[in-house]
Amino acid sequence: MKIIKATNYDEMSKKAASIIAAQVVLKPNCVLGLATGSTPLGTYKKLVEWHNSIDLDFSNVVTFNLDEYVGLDPNHEQSYRYYMNNNLFNMINIKMENTHVPNGMAPNIEEECANYDKMISDFGGIDLQLLGIGHNGHIGFNEPGEYFQKGTHCVTLSEKTINANSRFFESIDMVPRKAITMGMLAIMQAKKIVMIASGEDKKEILGKALFGPITPRVPASILQIHPDLTVITTISL
Ligand code: GLP
């Protein structure tokens with residue numbers, strides 16, 4: 001594991017974006033695993049900036065997002081498809097058909113999950129996975145539990161996650177209770193993982209995830225055994 005300390009959010013974002021940009025330059029048809037939440041916003045902003053200023057070329061890049069709320073239409077402002085389109089995809093030259101976000105409106109969620117895993121493996125797996133971390137140690141929407149879930153699956157969100165994400169919704173009642181999330185297998189099979197975390201409120205959970213016991217009670221702790229994990233953080237650990 002490599003830990004890179006950033007002095008502030010902008011520096012963290014720039015470093016994460018540099019690694020993603022390097023990946024895109026080295027392998028123009030790479031498969032990127034992407035995350036949502038407030039943490040990656042600065043990273044995406046940098047990538048858009050470099051697309052505009054130095055022609056960083058996404059025309060052959062393929063992306064798979066980690067998760068999506070069940071029941072939110074892709075045009076809903078809080079859906080992760082809407083977030084990705086508005087913060088990255090619409091601003092770069094990626095082909096929309098090369099971008100994948102689980103469909104939270106799929107009539108058959110189980111089938112949607114199985115198809116998502118099949119598509120990831122048909123593309124040869126993820127080259128670089130960008131991750132944030134939830135306050136309870138979740139990655140994607142892999143919530144703390146009794147065991148690590150391997151495949152893409154439907155999850156019931158924990159109270160902690162619903163509370164944390166309610167800041168984006170008009171009221172807590174509007175936060176969906178279920179989501180589709182990529183499982184641990186596709187994440188752990190990513191050739192390279194970059195995790196970003198900022199804010200002192202994440203200090204305790206980041207410490208547990210990186211240095212505590214490897215346990216499904218702290219889902220991100222499994223990353224300790226990934227052969228190529230880079231953590232970029234403003235937090236002093
Ligand atoms: C969300 C997402 C995660 C994200 C996390 C942290 O619920 N499903 O992929 O990493 O919560 O979000 P933030 O970056 O806003 O703290």
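Just so you know, ligand 1 is whichever comes first in the structure, and atom 1 is the first atom listed for that ligand.
E112 contributes no side-chain N or O that, together with a main-chain N or O of A106, makes up a donor-acceptor pair within less than 3.5 Å. In terms of modelled atom types and a separation under 3.5 Å, the side chain of T181 and the main chain of F141 share a donor-acceptor contact.
Residue contacts with ligand 1 do not include H135, since none of its heavy atoms lies under 4.0 Å from the ligand. Contact analysis leaves A35 out of contact with ligand 1, as no non-hydrogen atom separation drops below 4.0 angstrom.
Contacts of D67 with ligand 1, taken as heavy-atom pairs under 4.0 Å, involve the side chain alone. With a 4.0 Å cut-off on non-hydrogen atoms, Y80 touches ligand 1 through its side chain and not its backbone. Of the heavy atoms in R167, only side-chain atoms (C-beta onward) come closer than 4.0 Å to ligand 1.
At least one side-chain heavy atom of S158 sits less than 4.5 Å from a side-chain heavy atom of N136. A heavy-atom distance below 4.5 Å is not found between the side chains of E49 and K45. In this structure the side chain of K150 never reaches within 4.5 angstrom of the side chain of D117, judged on heavy atoms. A heavy-atom distance below 4.5 Å is found between the side chains of L88 and V48.
Two rings, from H76 and Y69, have their centers 6.0 Å or more apart.
When I133, L131, T36 are checked for heavy-atom proximity to atom 6 (C) of ligand 1, I133 turns out nearest.
Nearest protein heavy-atom contact of atom 12 (O) of ligand 1 is G37 CA, 3.9 Å. Remark: minimum distance from atom 11 (O) of ligand 1 to any protein heavy atom is reached at H138 NE2, 3.2 Å. The shortest contact between atom 14 (O) of ligand 1 and any protein heavy atom is with T39 OG1, 2.4 Å. From the protein, the heavy atom lying nearest to atom 16 (O) of ligand 1 is K202 NZ, 2.7 Å.
Ligand 1 places these atoms under 4.0 Å from at least one heavy atom of G132: 10 (O). Of all the atoms in ligand 1, the ones that sit under 4.0 Å from a non-hydrogen atom of G140 are 2 (C), 3 (C), 8 (N), 9 (O). For ligand 1 and F141, the ligand atoms under 4.0 Å from any heavy atom of the residue are 7 (O), 8 (N).
Among the candidates N65, T99, N75, the single residue satisfying the side-chain hydrogen bond (donor to acceptor under 3.5 Å, both in side chains) test with R81 is T99.
K15 has a carboxylate O that lies under 4.0 Å from a charged side-chain N of E11, or vice versa, which qualifies the two as a salt bridge.
Considering backbone and side-chain N/O atoms, P40 never comes within less than 3.5 Å of an N/O atom of ligand 1.
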